[in-house]
Structure formats: structure tokens, C-alpha cells
There are 2 protein chains.
Amino acid sequence: MEYNSKQIQIIEVAERLFAQKGFAGTSVRDIAQEADVNVSMISYYFGSKEKLIEALFQFRMTESRSRLETLVTNDELSPMQKINMLIDSVIDRLMGNQSFHNIMLRETLSSDRNETISQHIMGLKMRNIELMQRLIQEGQAAGVFREGIDMSLMSTTLYGTVNYAIATQDFYKKINNLESMGKEEFQIHLKRSLSQHLKSLFKSTVTNEHHIQN
Amino acid sequence: MEYNSKQIQIIEVAERLFAQKGFAGTSVRDIAQEADVNVSMISYYFGSKEKLIEALFQFRMTESRSRLETLVTNDELSPMQKINMLIDSVIDRLMGNQSFHNIMLRETLSSDRNETISQHIMGLKMRNIELMQRLIQEGQAAGVFREGIDMSLMSTTLYGTVNYAIATQDFYKKINNLESMGKEEFQIHLKRSLSQHLKSLFKSTVTNEHHIQN
DNA sequence: ACAAAATTCAAACGATCGTTTGAATTTATC
DNA sequence: GATAAATTCAAACGATCGTTTGAATTTTGT
């Protein structure tokens with residue numbers, strides 16, 4: 001499925017509003033007004049409000065089908081370098097598509113989920129876990145990573161930390177007295193802090209130096 | 001403000017439904033039906049749907065005003081023991097009130113927030129950060145914790161990991177082949193795994209052995 | 001037991017919801 | 001430039017939303 005410029009316009013407005021106010025909290029009239037189109041255009045192009053958010057997911061998911069997969073086959077990088085690149089790529093992806101990942105997290109929090117969306121999210125998570133799995137196993141085979149790493153919890157910490165950092169960025173700004181910082185500048189600062197923080201966390205946990213099994 | 005049993009009944013049903021379907025996605029008629037009361041009782045007791053969720057926050061916030069504060073003044077525990085107790089207390093609190101913390105996270109994700117609720121969340125986060133701040137500083141004064149720890153990011157990892165683990169627990173169950181496990185049993189398993197994972201993470205990061213400042 | 005207060009209820013309020021209609025207009029095709 | 005197809009629009013559809021009404025009922029205080 002490919003979308004024309006008008007459809008993309010509607011999708012992008014919907015994405016912003018869904019992130020701000022939630023799916024149920026956003027009316028199709030809100031979307032139509034901000035996208036500067038007639039209300040009926042949403043049904044006309046997408047069929048329904050439900051189909052619109054499904055289109056949003058398809059739109060965002062297919063565009064980011066990662067070039068990251070090649071990472072694991074690159075032999076010039078050390079396992080630790082690959083992990084660090086994975087961390088930066090997750091930070092960049094989530095920070096660069098904050099609205100969409102906000103919506104994705106909201107959907108994850110809902111127990112009566114749209115089936116199509118659930119499958120998109122499930123597929124994405126599977127691919128993420130498998131990629132990390134391969135990177136870790138490679139490091140273990142090389143003898144630089146310890147055994148017995150809980151893959152899914154490491155992944156949970158990575159995505160959980162970045163998601164939560166983005167969700168509470170206003171609070172982070174206030175706490176660290178960064179309110180004078182411009183919007184762009186702050187995003188870069190947050191990225192850098194997150195990157196350093198997570199790399200440090202992962203390095204200590206993943207390498208086998210002095211790690212205690214309790 | 002204290003609530004009678006009927007009001008508490010409504011609040012608890014509302015909490016469950018808001019967590020399942022979101023605030024905007026839940027109608028007062030949904031709540032009334034599940035709580036087995038007339039629709040008008042919600043306006044009668046709380047004034048409005050908006051005031052109902054505010055009442056929910058006041059109800060849950062005041063009940064958990066932590067006995068944890070005494071932790072920092074307890075001299076019989078080592079700094080690391082206190083950090084570990086803090087971790088377990090966060091896990092217990094979030095796992096034990098999943099619906100409420102689901103709603104709190106949803107509210108955090110919204111940009112047009114209810115003012116009263118925002119202040120509740122802000123106050124809670126402030127108290128949490130300050131408590132962790134004191135524990136870390138104590139460890140630093142004792143010379144067992146390293147300097148230059150990013151407090152707010154450590155807190156972000158703690159709450160981010162636990163929140164995200166709870167949000168994606170179905171996925172965790174599937175990935176780790178724990179689908180045969182009973183509900184209760186799985187909760188205990190997840191708690192234990194999270195506890196071990198986070199304590200290990202924090203220990204490596206917070207102590208000054210072999211830590212590299214990059 | 002009686003009056004006052006608190007609670008419960010079915011019904012209705014106006015507003016807004018997602019969606020559809022059908023005519024008007026623009027764009028594409030030959 | 002005529003015909004067909006695609007798009008745009010104001011208006012209306014029935015359904016559901018949060019809230020209010022006012023009478024009926026139960027509980028409370030004396």
C-alpha cells in the first residue's frame with residue numbers, strides 16, 4: 001500500500017494528535033480540521049478511524065524496516081561495538097519518532113487491542129529480540145560476554161529506559177536545570193546522556209569481569 | 001477526603017477500566033454497569049468523570065505515602081542494602097498496583113494533562129528522586145559508591161524497566177515459554193527476575209570498582 | 001413513628017461522536 | 001472538449017457521550 005500526499009498529510013496529523021490525546025481522545029473532526037480537509041475524507045481514504053490508525057502503523061513500520069540487520073554480519077566490529085551501535089540506533093529511532101512510539105506504547109498499555117496493530121507490535125518486538133539475541137551470542141562465542149544473560153530483561157531495560165526518558169523529558173529538564181536550553185539542543189543533550197548511560201549499564205552487565213551470579 | 005464503600009467500589013472499577021481502555025475510551029455507563037450502580041451516581045458522588053479520576057489519584061496517592069522514608073535513617077543497613085530495598089519496594093509498588101500505574105503512565109504520555117493529576121505525579125516523582133538522591137549520597141560519603149552518577153537516569157532506568165516489563169509481560173511470558181505458568185506464579189517469577197536483574201544492573205553501575213568514565 | 005436527609009432510579013437533556021449521503025467540483029483519459 | 005473517474009463539500013444520520021432532572025425510595029436522627 002502506498003499513500004498519496006493528502007493521505008500522508010492526514011496520517012501525520014493523526015499521529016501527532018493520537019500521541020497528544022490518545023486514540024479515543026482524538027475525534028476525526030479534530031484530525032480533519034488540523035489537516036485542513038473535510039471530515040468525510042477520512043472515511044473516503046481510509047474507511048474508518050480504526051483503519052486510519054492501522055494505516056499509520058503500516059506507514060511507520062514499513063518505512064523503518066531496519067538496515068540494522070546488516071549489523072550482525074559486519075565482521076569489522078567487536079561485539080561490544082555492535083551492542084553500542086544497537087543502543088544508539090534504538091535511541092535514535094525512538095527519539096526521532098516520538099509521536100509514533102508514544103502511540104505504540106499506549107497501544108501496548110491497552111488490554112483490548114486492535115488485532116492488526118498487536119501483530120505489528122509483536123512482529124517488531126520479535127525482530128528486536130532476535131537481533132539482540134544474535135549480538136549477545138556472538139559476544140559469548142568470542143568469550144567477551146558472560147553466560148546467563150537475561151535477554152528479554154536487557155531488552156526491557158533498553159526500551160523501557162528510552163521510552164520512559166522520552167515520556168518524562170519535561171521532568172528531566174526541570175530536575176537538571178536545563179530549562180534555558182533550546183528544544184533542539186535539549187534533544188541532543190538527552191540523546192547523548194541516554195547513550196552514555198545505557199552503554200555504561202550494558203558494558204558492566206554484559207561483560208564477564210567481576211560479575212556475581214546470585 | 002474519605003470515601004464510603006460505594007464510592008470506593010466505583011473508584012476501583014474505574015481504575016480497572018481506565019487501565020484497560022484509557023480514560024477517554026471508558027464511558028461513565030461502562031463504569032456504572034460494572035460497578036452495579038446507576039449512571040447518575042458518578043455525578044452525584046464525584047461531580048464529573050474528570051473529578052472521578054482525580055479522586056482515584058488522591059485515593060491511591062494518599063494510601064501509599066511511603067513508610068519507605070524511614071529507610072534512609074536506618075543505620076543498620078549498608079548503602080547497597082538500602083538501594084536493593086529501594087529496588088524491591090519499587091517493584092512491589094508497581095506490580096501490586098498495576099492498573100493505577102498503567103493509568104499514571106498513560107497520563108504521563110499525554111501532553112494536555114489534567115492539572116491536578118500532573119501535580120500529583122510531579123510530587124511523587126520529586127519524592128522518589130530525592131529519596132534515591134539521599135541513598136546515593138550516603139553511599140558516596142561512605143566511599144562505596146562512585147562519583148558522577150546520573151541520578152535522574154538511574155531513576156529512569158529503574159521505573160522505565162519495571163513499567164515496561166509490566167506493560168509487555170504477555171510478550172515476556174511467550175518469549176520465555178512460561179505460558180503454562182499460573183497467573184499468580186508468573187507474577188512472582190517476574191518479580192524475582194526483575195529484582196535480580198535490576199540489583200545486578202545497579203550494583204555494577206553504582207559501585208566504583210573498575211568503572212570507566214568516558 | 002415521624003420529619004429530614006441521603007440515596008437510587010428511569011428518563012431525558014444537548015453535545016459530540018464516527019460515518020454516510022448526494023450533489024458539486026476538480027482531475028484524468030481518450 | 002466530451003466523458004468518466006476521482007475528489008471535495010455541507011448536511012444529515014443514528015448512536016453514544018457526560019450530565020441533569022425530579023420523583024421514588026431508603027437511611028438517618030430524634
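Below, chain A is the first sequence line, B the second, and so on; all start at residue 1.
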Does the plane of the ring in F46(B) sit parallel, tilted or perpendicular to the ring in Y3(B)? Use 30° and 60° as the thresholds. tilted
Taking side chain as C-beta onward, heavy atoms only, is N163(B) less than 4.5 Å from M104(B)? no
Length of the OH-C1' vector between Y45(A) and dA5(D), whole Å: 13 Å
Does K191(B) have any salt bridge (Lys or Arg N to Asp or Glu O under 4.0 Å) partners at least two apart in sequence or in another chain, and if so, which? D92(B)
Given dT8(C), is OP1 or OP2 found less than 4.0 Å from the side-chain N or O atoms of K6(B)? yes
Mind calculating the distance between CG (L17(B)) and P (dG18(D)) to the nearest angstrom? 12 Å
Between residues 33-44 of chain B and DNA chain C, which residues have a heavy-atom gap below 4.0 Å? N38(B), S40(B), M41(B), Y44(B)
What is the distance from CG of L52(B) to P of dG18(D), rounded to the nearest Å? 11 Å
Test item: I149(A) and Q140(A) side chains (from C-beta on) under 4.5 Å apart, heavy atoms: yes
Please tell me if the side chains of V90(A) and R93(A) come closer than 4.5 Å, counting only heavy atoms from C-beta onward. yes
Heavy atoms under 4.0 Å is the rule here; annotate nucleotides 23-28 of chain C 5' to 3' with B where the base is hit, S where only the sugar-phosphate is, and - elsewhere. ------
Student check: side-chain heavy atoms of S193(B) and Y172(B) closer than 4.5 Å: yes
At 10 degrees resolution, what angle do the end axes of the helix from dA1(C)-dT30(D) to dC30(C)-dG1(D) form when each is taken over five base pairs? 30°
Length of the NZ-P vector between K49(A) and dT20(C), whole Å: 15 Å
What are the residues of residues 22-32 of chain A, sorted by number, that bring a heavy atom to within less than 4.0 Å of DNA chain C? T26(A), S27(A), V28(A), R29(A)
Can you list every salt bridge (charged side-chain N to carboxylate O under 4.0 Å, His left out) pair that touches residues 157-180 of chain B, not counting sequence neighbours? none
Flag the pair N38(A) / M41(A) as yes when at least one side-chain heavy-atom distance between them is below 4.5 Å, and no otherwise. yes
Does this structure show an ion pair linking E107(B) with R113(B), if we count only N-O contacts that are shorter than 4.0 Å? no
Nearest-Å distance, CD (Q7(A)) to C1' (dT8(D))? 14 Å
Without decimals, in angstroms, what is the distance between F46(B) CZ and dT8(C) C1'? 15 Å
With a 4.5 Å heavy-atom cut-off, do F145(A) and M80(A) have their side chains touching? yes
Cation-aromatic face contact K49(B)/F23(B), 6.0 Å, 45 degrees: yes
Determine, step by step, whether E54(A) and E50(A) satisfy the side chain to side chain contact (heavy atoms under 4.5 Å, CB included) criterion, reporting the C-alpha distance in whole Å, the side-chain angles of both residues, the deciding distance to 0.1 Å, and the verdict. CA-CA 7 Å; E54(A) 291 176 12; E50(A) 196 75 23; 4.1 Å; yes
For I103(A), which of T108(A), L17(A), N97(A), L56(A) qualifies under side chain to side chain contact (heavy atoms under 4.5 Å, CB included)? L56(A)
